[in-house]
Number of protein chains: 2
Amino acid sequence: MTTSGTADEPMALAAERLRAAGMRVTAPRMAVLTAVSDSGGHLDAETLRERAQRVTGRLSLQATYNVLRALTDAGLVRSTQIAGHPTRYETERHDNHHHFVCRACGSIRDVECVVGAAPCMEPRLPEEYDTQEAAVTFWGLCPGCRAATPVP
Amino acid sequence: MTTSGTADEPMALAAERLRAAGMRVTAPRMAVLTAVSDSGGHLDAETLRERAQRVTGRLSLQATYNVLRALTDAGLVRSTQIAGHPTRYETERHDNHHHFVCRACGSIRDVECVVGAAPCMEPRLPEEYDTQEAAVTFWGLCPGCRAATPVP
DNA sequence: CCAGACACTTGACCGATTCAAGAAAAGGCG
DNA sequence: CGCCTTTTCTTGAATCGGTCAAGTGTCTGG
């Protein structure tokens with residue numbers, strides 16, 4: 001069987017994580033956090049709302065945004081903005097990884113970065129600049145779209 | 001006197017560049033292209049419209065978007081999208097440089113990249129991925145805002 | 001179990017950008 | 001040089017992602 005059974009396990013886990021972060025535990029929060037975790041990342045607010053709704057029965061888009069904001073502020077979720085796409089959300093892994101975006105289908109794939117020694121973290125800027133973070137987006141074609149694209 | 005005189009020189013230059021790109025030469029296009037060039041980059045559509053208007057006398061925002069699209073497609077202008085900001089435009093220099101964005105004041109500064117050997121251009125991805133471009137955005141505090149910010 | 005704080009719903013609103021239809025103007029050609 | 005076609009500009013409406021605000025509902029600490 002694919003549905004239910006131990007389907008509330010992730011919910012309990014989500015509750016755990018919310019509590020650990022000092023947040024109130026509510027159905028929408030558990031549902032959204034679970035949706036973000038399960039998906040493997042890179043879903044937008046609307047999609048997350050749809051998924052969360054399957055559990056909560058009903059969830060306003062506004063609430064979804066509220067929850068995502070709260071989860072992001074709490075460090076449980078990381079948001080990423082890709083040019084031309086709505087904001088995407090993924091589980092915060094504290095590994096400062098980057099993203100590859102397919103120009104054809106829009107799919108997103110994580111790209112690991114050598115932790116702590118990310119070469120791209122060293123901009124050629126004067127000393128006075130306080131560089132806190134580097135966000136790298138790789139653009140190109142994913143294997144599927146590359147194969148489907150007639151090479152000129 | 002501050003106005004006119006040789007003020008139409010950049011216009012002629014813009015006309016030149018448009019023609020070279022095989023585009024029709026129009027007042028809006030010359031004005032916008034000049035505005036992008038003069039500014040040193042990183043202005044949004046609305047600001048560019050204002051500047052261009054000083055020359056053309058009147059220019060719709062829609063036309064500004066049309067022109068910017070055309071210029072971008074023609075490779076004369078490069079557009080950059082920074083999370084939380086409207087799209088910015090700058091003269092295309094074909095040097096694949098990156099951007100530093102101040103979290104406090106939103107100012108943008110170019111960051112040079114070692115041409116041809118950009119370390120950030122080597123994502124750790126399987127062979128089948130066709131990586132065409134890497135966009136790097138550095139986030140932090142510019143000298144001015146850094147000085148103004150009380151260090152905790 | 002109750003109060004107060006915090007979260008959710010609904011609905012209006014906003015900024016950035018695009019779509020659509022008609023008027024204007026660029027430029028090739030006779 | 002002036003016409004005609006094509007492209008571009010103007011105006012106005014619409015879309016999209018997201019936020020603001022007010023009221024109702026629901027956690028959780030005491």
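Residue numbers start from 1 in every chain, and the chains themselves are labelled A, B, ... in the order their sequence lines are given, proteins ahead of strands. Everything numeric in this text was worked out from a predicted model, so none of it was measured.
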Using modelled atom types and a 3.5 Å cut-off, is there a donor and acceptor pairing between side-chain atoms of A/R29 and backbone atoms of A/R24? yes

Residues within residues 48-56 of chain A bordering DNA chain C, heavy-atom distance below 4.0 Å: none

Who pairs with B/V55 by side-chain contact (heavy atoms from CB on, under 4.5 Å), at least two apart in sequence or on another chain? B/M11, B/A31

Suppose we screen for ring-ring contact (aromatic ring centres under 6.0 Å, His included). Which residues come up paired with A/Y129, at least two apart in sequence or across chains? B/F100

side-chain hydrogen bond (donor to acceptor under 3.5 Å, both in side chains) against A/R103, all qualifying residues, sequence neighbours excluded: B/Q132, B/E133

Return the set of residues passing side-chain contact (heavy atoms from CB on, under 4.5 Å) with B/A104 (not counting sequence neighbours), or none when no residue passes. B/C102, B/L141, B/C145

Which residues share a ring-ring contact (aromatic ring centres under 6.0 Å, His included) with B/H42, sequence neighbours left out: B/H99

How would you give the extent of chain A contacts on DNA chain D, as first and last nucleotide 5' to 3' within a 4.0 Å heavy-atom cut-off? D/dG17 to D/dT28

I'd like a list of close polar pairs between nucleotides 27-30 of chain C and the protein, N/O only, cut-off under 3.5 Å.
unit_1: C/dG27; atom_1: OP1; unit_2: B/V25; atom_2: N; d: 3.1

Hey, what bend do you get for the helix from C/dC1-D/dG30 to C/dG30-D/dC1 if you fit axes on five pairs at each end, rounded to 10°? 30°

Is there a path of hydrophobic side-chain contacts, each under 4.5 Å between heavy atoms of I, L, V, M, F, W or Y residues, that connects A/L33 with A/M23? yes

By side-chain contact (heavy atoms from CB on, under 4.5 Å) - contacts of B/D44 (at least two apart): B/E46, B/T47, B/P86, B/R88

Sugar-phosphate means primed atoms, P, OP1 and OP2; the rest is base. With that split, encode nucleotides 15-22 of chain C 5' to 3' as B, S or - using protein heavy atoms under 4.0 Å. -SBBBB--

Which residues share a side-chain contact (heavy atoms from CB on, under 4.5 Å) with A/A27, sequence neighbours left out: A/T56

Between B/R51 and B/D38, does any side-chain N to carboxylate O distance fall below 4.0 Å? no

Side chains of B/S37 and B/R17: any donor to acceptor distance under 3.5 Å? yes

Testing the basics here: between A/T64 and A/A45, what is the closest heavy-atom pair and its distance to 0.1 Å? CG2-O, 3.6 Å

B/R49 and B/L59 have their tightest heavy-atom pair at NE-O, 2.8 Å

Is there a donor-acceptor pair closer than 3.5 Å between any side-chain N or O of B/R146 and the backbone N or O of A/E128? yes

A/R58 vs C/dT9: side-chain N/O to OP1/OP2 distance below 4.0 Å: no

Starting from B/L43, can I reach B/I108 by hopping between I/L/V/M/F/W/Y residues whose side chains sit under 4.5 Å apart? no

